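Structure first, then comments.
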Amino acid sequence: MTVRIAPSVLNADLGRLGEQVTAAAEGGAAWIHVDVMDGHFVPNLSFGAPIIRALRRVTDLPLDVHLMVEHPERYIDEYADLGAANFTFHAEATVHVQRHLVRVRERGMKAGLALNPGTPPTVIEEVWHDLDLVLVMTVNPGFGGQSYLKSSAAKIRRIRSLLVERNHSAMIEVDGGITVDTIADAHHAGADTFVAGMAVFGSPDPAEAVRALTRACLGRA
């Protein structure tokens, strides 16, 4: 199973954004993760279009945009135009989920659906054919630095089983509390893509932090 590390710039030093993102890339990061929060769907505010524009100037890595906002469909065209590679929104944040997944793909981005800890995996059963990735929140969204919910492994396994039953190649991404101590648990359950904020950008050496996460995921010393 391919392992992708997606460092989250939510925890980056914005004054050293280019330097830190470059270091993460040198360590083997596959994507750069961007959390967009509106202060309504989650109790916090964070990046929008300006940070995506800035990142596009400093890295060629795919930008993995995760919208924790109400009515995320309003941003599909804007973020596609800015160069986002993945557009993931929450099943709980909008009504016409299937329609919006189709629109994301029409705009040339990979379509992702995020599930909060209390949202059952059965949500994806009606839209799996329009998905490129499922993002499992392994904390309740809104703030970085939270602890990984150990109950997440069972949910990841259920999602992996659903995809295998349908011979579907959608990626399973996890976000929240991912460290060298928790990444293997999520990987063994079936996740292949891992968002890490503090574990990477809270480290004095983001490149080595990415390498350490990869080693821990694969069970290497």
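Because the structure is predicted, anything quoted here is derived from the model rather than measured.
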Apply side-chain hydrogen bond (donor to acceptor under 3.5 Å, both in side chains) to Asp175 and Thr138, showing your working. CA-CA 6 Å; Asp175 184 356; Thr138 46; 5.9 Å; no
Please answer whether the main-chain N or O of [Y] pairs with a side-chain N or O of [X] as donor and acceptor at a distance below 3.5 Å.
X      : Y      : value
Thr59  : Leu55  : no
Gln20  : Asp13  : yes
Thr182 : Gly177 : yes
His187 : Asp192 : no
Ser203 : Ala209 : no
Arg56  : Gly83  : yes
Lys155 : Thr119 : yes

Rounded distance [0.5 Å steps], CG in Leu113 versus CZ in Phe89: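 Between atom CG of Leu113 and atom CZ of Phe89 there are 5.5 Å.
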Side-chain heavy atoms under 4.5 angstrom apart, residues restricted to Ile, Leu, Val, Met, Phe, Trp, Tyr: same cluster for [X] and [Y]?
X      : Y      : result
Leu67  : Val195 : no
Leu115 : Trp128 : no
Leu149 : Met198 : no
Leu218 : Ile172 : yes

Which of these, Glu73, Arg74, Arg99, His71, sits in a side chain to side chain donor-acceptor pair (under 3.5 Å) with Thr94? Glu73
Heavy-atom distance under 4.5 Å between the side chains of Leu162 and Val164, does that happen here?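 No, too far: nothing below the 4.5 Å cut-off.
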Indicate yes or no: at least one non-hydrogen side-chain atom of Val136 is less than 4.5 angstrom from one of Glu173.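 Sidechains of Glu173 and Val136: no contact.
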Would you say Tyr148 and Asp185 are linked by a side-chain donor-acceptor pair, where the criterion is simply a distance under 3.5 Å?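 Yes, Tyr148 and Asp185 have a side-chain donor paired with an acceptor closer than 3.5 Å.
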Would Arg103 and Asp77 satisfy side-chain contact (heavy atoms from CB on, under 4.5 Å), going step by step from the backbone distance to the final call? CA-CA 9 Å; Arg103 180 59 179 162; Asp77 289 330; 2.8 Å; yes
Can Val21 and Val9 be said to form a side-chain contact (heavy atoms from CB on, under 4.5 Å), step by step? CA-CA 8 Å; Val21 167; Val9 294; 4.1 Å; yes
Thinking salt bridges, do Arg105 and Asp132 make one under a 4.0 Å N-O criterion?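 Salt bridge between Arg105 and Asp132, a charged N being under 4.0 Å from a carboxylate O: yes.
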Charged N to carboxylate O under 4.0 angstrom, Arg215 versus Glu208?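 Answer for the salt bridge query: yes.
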Could you tell me if the ring centre of His90 sits under 6.0 Å from that of His66? yes
